[in-house]
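These notes concern the structure reproduced below.
Throughout, a chain's letter reflects where its sequence line sits, starting with A, and its residues are numbered from 1.
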Amino acid sequence: MPSADLFPAAGRRALITCRELKKNFKKIEAVRGISFDVYEEELFGFLGPNGAGKTTTMNMLATLLTPSSGDAIVAGHSISMDRDGVRRSIGMVFQDPSLDDRLTAEENLRFHAQLYGVSPADYRRRSEEVLRLVELWDRRFDIVKTFSGGMRRRLEIARGLIHHPQVLFLDEPTLGLDPQTRAHLWDYLLKLKKERHMTIFLTTHQMNEAEYCDRICVIDHGQIVALDTPAKLKKLVGDDVISVRPKDPSRVKAELDRIFQQVKYVEDGAYLHLRVSDGHTFLPILLTALPGEIESVTLREPTLDDVFLHLTGRSFRDEPETSKMSRGFRGHRH
Amino acid sequence: MRAATAIRTIAERELLRYVRDRGRVFVTVFQPLMFLVVFGSGLRSSLARSSFGVDYISFMYPGTVAMSIMSVSFFSTISTVWDREFGFLKEIMVAPVSRTSIALGKTFGAAIIAMSQGLLLLCFAPLVGISLRPQVIPAALVIMLLLASATAGIGLLVASLVRTVENFGVIMNLLVFPMFFLSGAFFPLTAVPTWMKIVSSANPMAYGVDALRQMLLAPTAGSGLMPLLLHPASLDALYLLAFSSVFVSCAVLAFSRRD
Ligand SMILES: Nc1ncnc2c1ncn2[C@@H]1O[C@H](COP(=O)(O)OP(=O)(O)OP(=O)(O)O)[C@@H](O)[C@H]1O
Ligand SMILES: [Mg+2]
């Protein structure tokens, strides 16, 4: 991790400062002493596979878990010394369901607003605002039990926003949302950040969502493997990526090692991803050098997926899509 | 001020959940009535009227009220275990309210539900031949509230220690029956073996039943009731107050354990 990230650049104030934070569950080292800063008004993303330690870290920052060692300061309050101060400053949308499904949508919101000391007048205004945002205004007097999974998710997000927290924690906020709602939510989050100067800390599996973040922290096995802006992370991989599907991977790999020693590549299932500086001129050279060996080829810009593959040697796409959708029954892959 | 709002909010949710659950309302209202009718009529014929100072159904009636308060109050504290299983407890725990407010809100919620249940049962008093003097109702309500808080304190303590609804059920069953049978609801505790006297002298139910019995039955039974009573009602109230303070405090501590 570049040391620049440990010390905020001049003029940027760190709103979350995390130092050597560690959490062990019996034998499992879920979080292995991580340190990072999140700046004021930043949209900060935690990106990592299942079991990486994203939720554990977020729960420690939100005072729901006591760290095994290390400390963090959230909005000026220590998570071990001043939990109440932290709680007053944050909003949290959990990865797992956390609504009272016997109450109506409106009752869930009102319960939350009262616990956070939102005045009745503010509550009336804001509940309409957030419920319209997540398109549940017409369903506000319905019992949550009658809601679909996506509707519940939207209600949880509305609830997390209603007390206008200084820092908003979102643990996989778009889990189970349809593409249209997802897009809406992102528009709103970006608006909140800009207009209310809110600091947003989220976790995600979705590479395209990570692109919205100001900075991304890639985490794997409880450790930070990279922390930078999406653009700079992609630079790690090179300017262009050529993905080829060889007929015989071992033969093509041997040829690549022989002819193009300077070209780095990673293996990803049936594909090889080559990192090159000028793909447009390199592609014809590659195809001429390996006649008849390649079934298909794509030239593209690097994605965060490539970054992850580059950093960990594993592909994000190995994660079965279903594991992200069935909340509460997630199998952990390592 | 903030704490009062938090306690009220948490207690209100308990009440809301209770009234939403029609089945639970139905069961908690009809179970004690059935109990009174079936048990009372069954035993009345085989037990001599004279030894209880009053008709057996009347004798049982205050105990039935106490039992119903205890079971409703215990059953209400299960919501904490449900909240943990269904994830709602996270929403409460991450909120900027003290763990004491959370525990007190839960206790009051359960106690109010149980007390309103007891109040409802008082309306059935004429049906079992008991004429209530209106002036005893406020005092009876205080006893009911204290008894409900005492049992809610036990329930919440158990709820904050166990992880699953099954475990909660097992422990509650272990507690409910001895507390009920050693309460004096069925038979007076004045003529029982010494060990039973000792055990029941710790049982909050015994004090609740004793106090309710003198308040509710006095006009009907008159002095015939005297030999069956244990303590003055004020002493009963004092014990219940002490008992609920201790258990609610323990529940608060258990709640804030991880904090
Ligand atoms: N309460 C717990 N008890 C024991 N182990 C736990 C507990 N919570 C998490 N773990 C373990 O800690 C590790 C990190 O889990 P965590 O939930 O933080 O991962 P994550 O990055 O949020 O994954 P996902 O993408 O699946 O949500 C996993 O190996 C998990 O099994
Ligand atoms: Mg997680």
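- More than 12 non-hydrogen atoms from other residues, nucleotides or ligands lie less than 6.0 angstrom from CZ of Phe201(A).
- Across all their heavy atoms, Ser98(A) and Gly87(B) have their closest contact at CB-O, 3.5 Å.
- Applying the side-chain hydrogen bond (donor to acceptor under 3.5 Å, both in side chains) test to residues at least two apart or on different chains, none of the pairs has a partner in residues 173-182 of chain B.
- Annotation: the span from Met92(A) atom CE to Met93(B) atom CE amounts to 14.0 Å, rounded to 0.5 Å.
- Closest approach of Pro96(B) to Arg88(A), counting heavy atoms only: CB-CG, 3.4 Å.
- For the pair Glu91(B)/Arg159(A), a side-chain contact is recorded, criterion being any heavy-atom separation below 4.5 Å from C-beta on.
- Contacts of residues 109-123 of chain A with chain B at a heavy-atom distance below 4.5 Å involve Phe111(A), His112(A), Gln114(A), Leu115(A), Tyr116(A), Gly117(A), listed in sequence order.
- Annotation for Lys22(A): atom NZ does not count as buried by contact number, only 12 or fewer foreign heavy atoms lying within 6.0 Å.
- Residues meeting the salt bridge (charged side-chain N to carboxylate O under 4.0 Å, His left out) test with Asp100(A), sequence neighbours left out: Arg13(B), Arg17(B).
- Using a 4.5 Å cut-off between heavy atoms, Phe86(B) contacts chain A through its backbone alone, with no side-chain atom that close.
- Of the two parts of Leu65(A), neither the backbone nor the side chain holds a non-hydrogen atom closer than 4.5 Å to a non-hydrogen atom of chain B.
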Indicate every side-chain donor-acceptor pair of residues 139-153 of chain B with a distance under 3.5 Å to a residue at least two apart or in another chain.
unit_1    : atom_1 : unit_2    : atom_2 : d
Ser149(B) : OG     : Leu145(B) : O      : 2.7
Thr151(B) : OG1    : Ser73(B)  : OG     : 3.0
Thr151(B) : OG1    : Leu147(B) : O      : 2.9
Thr151(B) : OG1    : Ala148(B) : O      : 3.1

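- For chain B, the nearby parts of Leu103(A) are the backbone and the side chain; heavy atoms of each come within less than 4.5 Å.
- When Asp84(A), Asn59(A), Asn108(A) are compared by the number of non-hydrogen pairs under 4.5 Å with chain B, Asp84(A) comes out ahead.
- The distance from atom CH2 of Trp82(B) to atom CZ of Arg102(A), rounded to the nearest 0.5 Å, is 7.5 Å.
- Only the side chain of Asp21(B) has a heavy atom closer than 4.5 Å to any heavy atom of chain A.
- Note that CZ of Arg20(B) and OG1 of Thr104(A) are 6.0 Å apart. Values are rounded to the nearest 0.5 Å.
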